[in-house]
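Everything quoted here is computed from the prediction, not taken from an experiment.
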Amino acid sequence: MATKCKDYNFLEIEPHWQSFWEKNHSFRSEPGTAKPKYYVLDMFPYPSGAGLHIGHPEGYTATDIVARYRRARGFNVLHPIGWDAFGLPAEQHAVKTGTHPASNTQNNIVNFRRQIKALGFSYDWDREVDTTDPKYFRWTQWIFLQLFKRGLAYVDERPVWWCPELRTVLANEEVVDGKSEVGGFPVERRNLRQWVLRITAYADRLLADLKDVDWPDSTKRMQEAWIGRSEGAEVLFELENRALGTLKIFTTRPDTLYGCSYMVLAPEHPLVDALTTPAQKAEVEAYRKKAAGKSDLERTDLAKDKSGVFSGAYALNPVNGARVPIWIADYVLMGYGTGAIMAVPAHDERDFEFAQRYALPIVQVIEAREGPTVLPYIGDGRVIHSGNYNGLDWPEAKKRITADLAGRGVGQPTVNFKLRDWLFSRQRYWGEPFPIVWINETDYRLAVARRGGDVPPSPVTFTSEGVTHYALPLPAGALPLELPSVQSYLPSGNGESPLANETAWLEIWLNFETGAAVPASQPRPAGAAWIRARRETNTMPQWAGSCWYYLRFTDPANAAALASPEALRYWGVPDLYVGGAEHAVLHLLYARFWHKVLFDLGVVPQSEPFTKLFHQGIILGEDGEKMSKSRGNVVNPDSIIASHGTDTLRLYLMFLGPLEAMKPWNPNGIEGVHRFLQKVWRECLDREGLVNPKITADPSADSAELIKLLHETIKKVGDDIEELRLNTAISQMMIFGNALQKAPSVSRATVLAFLQLLAPFAPHIAEELWSRLGEPQPISLAPWPTFDPAKLVSDSVKLVFQVNGKFRGDQLVPVGLPEDEAVKLAQSNAKISPHIAGKSIKRVIYVPGRILNIVVE
RNA sequence: GCCCGGGUGGCGGAAUGGUAGACGCUGGGGACUUAAAAUCCCCUGCCUGCAAGGGCAUGCCGGUUCGAGUCCGGCCCUGGGCACCA
C-alpha cells in the first residue's frame, strides 16, 4: 500500500496517496447513513487563465482540515468543489482569439482541477459542478422562471454604466473610480432596457434574519448598512399653487418639521417642470441639464460643494402653514425616498451647508439637554420652537407629530431602504440566456389562456417605437435554453449582446406549449400554438450561477429537479461556509435572496442558506502588497509543491497566522514546518525506511509526561480545529513532535494517535507512516483519538509567587495546597523572602494552582 | 466624514484579568563529521551589572484592579468597508 522510499520523498508519496484516494473514492459522500451529516463548503472559484494562486489553497486547506476531522469524528461529510465559470475574462479572451469561451473555460478548469488535486483536498469529485454546463444552468434558468412567475423579475429602462471600450454594460461593482474594473477604461451613463430582480421585496426579511446566522459581526453590519432600513414618515406639503396638488417628502425626523426652512427636489423629480415659475425656468433648465450629465459619482464623491437653484415656487408647512421655498438640488437623489425632502438646516449637516451657501434661514428646533447647542445639531435633546410639542424629547416628539399628521391625513409612518432592486442582465454572450421570448399582446393572451400558471400576476412588458412587447417564459420542460454558436463574440455595439446578431436563433416561430422553435425565416409550422417571437438577448450576470450552487452539490446529477427533496432535507445547507470577505455583501446577499424565494416556494426547508460563515484573510505578497501579476509578487502553489511538497504547503499556510488575518507570505518560514514533517518521519522510520526501533508494542514505553502531553495535544488540536485556530493546533503538534524526539522509547499506540492528529493537516505523510507502521486501513478512515481527562491532571502544579503584583519566583507545589502553607513556602523561598522580610503583610491573594500575590507595606 | 478590524522581539505570531514573547523563522555559540550538508544541544526583547541580580518593556496618555497585552475613557498610526440615503 505504502511507497518504499527510505527518506521522506514527498514527490513520490503525495501522488501515490492522491491516486489511492481517487481510485477508492475515499471521500464520496453518501446520504442515508445513520451518521450525522456535516456539510463544509468553500466559495467555489472562477477558473481564471492565470491558474491557482496561493490565496485559494488557504481557505481550501482550512475546510479540508475540518472535513477530514469531521469524518474522523464519525460524521458523514459533504465536501464538494465546482466552477463558477461564466464571466467576462473568458468572453474577452474569446473576443481576442475568436475561440468559443467554452473551450477556453474548459482548458482553465482542467488546469484548476489538476492544481487542486495536487493539493490533496478530500473533495468528493463525483459532485463537481460547472455553472456553464447546460445540465447545471438549466436549473439557474428554472429558478429565474420561478422569480418571474412570482412577479420578482421585471424589465425597466435603467441608467447603467456603459463602457465604450468593452462595448458592454457594467454593474456598479465593476466600476471603480469612474473606470471599468476590468481594463480601467472610461465609462459613461446610458439608459438601456434591463432585467431587474425585486430584491427589495425581501429587504425586511433579509435584515431581520441576520440575527439567526452565525456570521462575523462585521459582515452582518455591512449587510445591515447595505440594506439600510430607516424609519420615518412621508409628509404631504401642500403647494402654494393649489392647482399643482401636493408634494410628498420622506423624512426620518418629522420632529424637526417646525425647523423646515426650505424644500429640495431632485432635478429628475416629475414635479419640477410644473413647479418652476417662468422667471426661474431658464436657470432651472440649465441646472437640470448639468445634473443629468453628471454621474452618481460626480454627484456624490467628487462634489465637495452643494449646488442648487430656486424653483420660484413655495410649499406650505403642514404643521404651521409657513411658506417654504422649493429648491432644486442634486444632493437629493430621485432613487431614494420620494426624491424630495424638507430641509432642516439646523439639524442636518447637508441642509446646513446648503442653507449657508444660499443664505437660507436656519431655525433651531432641538436643544441639547446640557450646555450650548452648536448647529447643525443632531444629538439628543428637547424640542423647542415647536408649538405644542415643546419640551418633549425628540424621539417622543417624532412619534406624536407622525401620529398627528397621520390623523389629519397629511402623513404616515414609513420605512425606507437603501437597498435597490438588483440589475440582473448583462449585454454579453457568456452567461445564462434568459428563458424568455418577446411576443405581441394577442399571442400573449392566447399563450397564457392555454398554458396559464407560469406567468406573473401582471404581464412584464416593454414598449419600443410604439409597440408593446410581452414577456413569455419558455415552458420549464424546454429548459435548458442553450447559447447558440455565434460568428463574433463582440457585443453588437448598440447595447445588445452578440446574441442580437444571431437571427436564426433570435427571430423564431415558437410553439408556446412545448417551447420548440424554428427560425422565423422558415414557414410557420402548422398548429395553433406556433407564434412569432423574438428571444431575449440579454444574459444573466455571473452571480446567477453562484446564487444556488451549494444546493446543487447535494444532488448534482439530478435531471428532474435542482436537487431532490430528500437530498435537500438530508444535507440541508452548509454547516460551515468559508470564503473571502470581499463577498460580504453582494454574493451573500443575492444568495440569501434566492434562498428565501426557494424557501417560500417550498423547494428548500430552511430560510437561510449559510448558517455559519467564516472569512479567511488575504495572503499578501512578500512585499506586504496585494498579490498581483503587475507587481510580480504572485506565489504559485505548484512551485512550492515541487520543492517542499503539498503537506508542507498546507501546514505552512495554516501556520502563517490566524486564518482570518491578512498576512504577508514569507518564504523563510516554510523550512520550519518542513523540518517538522521530516522529524515526524524520522521518529517513525529509521534510515532504511523500517519502523524506528524506539517504537514498541509495549504501552508502558511512554513516560508519564509523554502520555500527559499526548492527551493535552489531542484535546488542544481537536478544540482548535473546531474553532479554526489552525496555527496553534500546529504549534501544539510541534511541541509534541519535539517531545517525541526526546523520548528514548515510545509506544506504537502513542505514535499512531499522534499521526491521526496530524492527518487532517498533512494527510499524505500521515497515510504513508500509518501504513508503514502496519495499519491495514487508511488513516483517512480511522476514528479520531479520544483524550482521557484524567490524564490531563497531575498531582503537582507550578505556583507563581508575586510580591505587590511583581513576579518574584515560582515553585512546584502539590495540588490543593492550602493558603497558609503557600505563604510559608514563599517566606522560606530564598528568591522571595528578601522582598517580604521586615515588611508587614497587608493582604494575600491566592488563586490555588496559579498564583500567590503577597501585598506588603 | 461615518462604520468596522489591527498596532506585542530582528520577522510570522502565542497568551480563560494571573511568569508577556508559546511555536516557528532569522542570528550567535557548541556537538557529531576528514569536511560539508543534515541532525542534536545552548543562547537570542531592551538597558544595567563581573556575577547574583535589578530596572524597563505589548502604539501614546490616563483610569479600574492585589495584579492589565487583555477591562474602561481619551488620543495617534494603520488596514478594510461605506459614502449627500433625507
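A:Lys220 comes within 4.0 angstrom of no nucleic acid atom, judged by non-hydrogen atoms across all strands. Backbone-only engagement by A:Lys679 is indicated by non-hydrogen atom pairs under 4.0 Å involving sugar-phosphate atoms exclusively. Looking at heavy-atom distances under 4.0 Å, A:Asp351 makes no contact with the nucleic acid at all. Among the protein residues, A:Val855 comes within range of the sugar-phosphate backbone only, with heavy atoms under 4.0 Å from sugar or phosphate atoms but none that close to a base. Note on A:Lys742: only backbone sugar-phosphate atoms sit closer than 4.0 angstrom, heavy atoms only; bases stay farther off. Using a 4.0 Å heavy-atom cutoff across all strands shown, A:His347 reaches no nucleic acid atom at all. Within 4.0 Å (heavy atoms only), A:Ile735 reaches sugar-phosphate atoms of the nucleic acid but no base atom. Contact annotation for A:Thr338: no contact, since no heavy-atom pair falls under 4.0 Å across all strands. Contacts of A:Arg221 with the nucleic acid, taken as non-hydrogen atoms under 4.0 Å apart, involve only primed sugar atoms and P, OP1 or OP2. A:Asn738 comes within 4.0 angstrom of sugar-phosphate atoms only, judged by non-hydrogen atoms across all strands, and of no base.
Classification of the A:Tyr590-A:Trp422 ring pair by plane angle, with boundaries at 30° and 60°, yields parallel. Between A:His583 and A:His587, the ring planes lie perpendicular to each other; the angle is over 60°, past the 30° to 60° tilted range.
Side-chain contact, A:Asn829 with A:Gln811: a donor N or O sits under 3.5 Å from an acceptor N or O. Counting only N and O atoms by type, the side chains of A:Glu671 and A:His644 include a donor and acceptor under 3.5 Å apart. Remark: the A:Asp351 side chain and the A:Tyr331 side chain contain an N/O donor-acceptor pair separated by less than 3.5 Å. Side-chain contact of A:Thr200 with A:Asp421: a donor-acceptor pair under 3.5 Å is present, judged by distance alone.
Looking at which nucleotide of RNA chain B each of A:Ile730 and A:Lys663 is closest to, the 5′-most match is held by A:Lys663. Nearer to the 5' terminus of RNA chain B, by closest-nucleotide assignment, is the contact made by A:Gly672 (compared with the other of A:Gly672 and A:Asn853).
In this structure, of B:C84, B:G12, B:C82, it is B:C84 that holds the atom nearest to the side chain of A:Asp330. When each of B:A14, B:G18, B:C40 is scored by its nearest atom to the side-chain atoms of A:Val847, the top-ranked nucleotide is B:G18.
Spacing between B:C32 and B:C40 at atom C1', rounded to whole Å, works out to 8 Å. Taking the P atoms as reference points, B:U39 lies 38 Å from B:G17, given to the whole Å. Atom C1' of B:U65 sits at a distance of 26 Å from the matching atom of B:C76, rounded to the whole Å. Taking atom C1' on both nucleotides, B:U16 is separated from B:C4 by 26 Å, rounded to a whole Å. Rounded to the nearest Å, the gap between the P atom of B:A52 and that of B:G45 is 15 Å. Taking atom C1' in both B:C23 and B:A14, the straight-line distance is 7 Å, to the nearest Å. Using atom P as the reference point in both B:A37 and B:G29, the two lie 13 Å apart (nearest Å).
Nucleotide B:C82 forms a Watson-Crick or G-U wobble pair with B:G1, both donor-acceptor distances falling under 3.5 Å. Base pairing of B:G49 is not made with any nucleotide, judged by Watson-Crick or G-U wobble geometry with both donor-acceptor distances under 3.5 Å. B:C23 is paired with B:G12 under the criterion used here, namely a Watson-Crick or G-U wobble arrangement in which both key atom distances are under 3.5 Å. Pair assignment for B:C32: none, as no Watson-Crick or G-U wobble contacts are both less than 3.5 Å.
Not a single donor-acceptor contact under 3.5 angstrom links the side-chain atoms of A:Glu349 to the base of B:G1. The base of B:C25 has none of its N or O atoms less than 3.5 Å from a complementary donor or acceptor on the side chain of A:Asn668.
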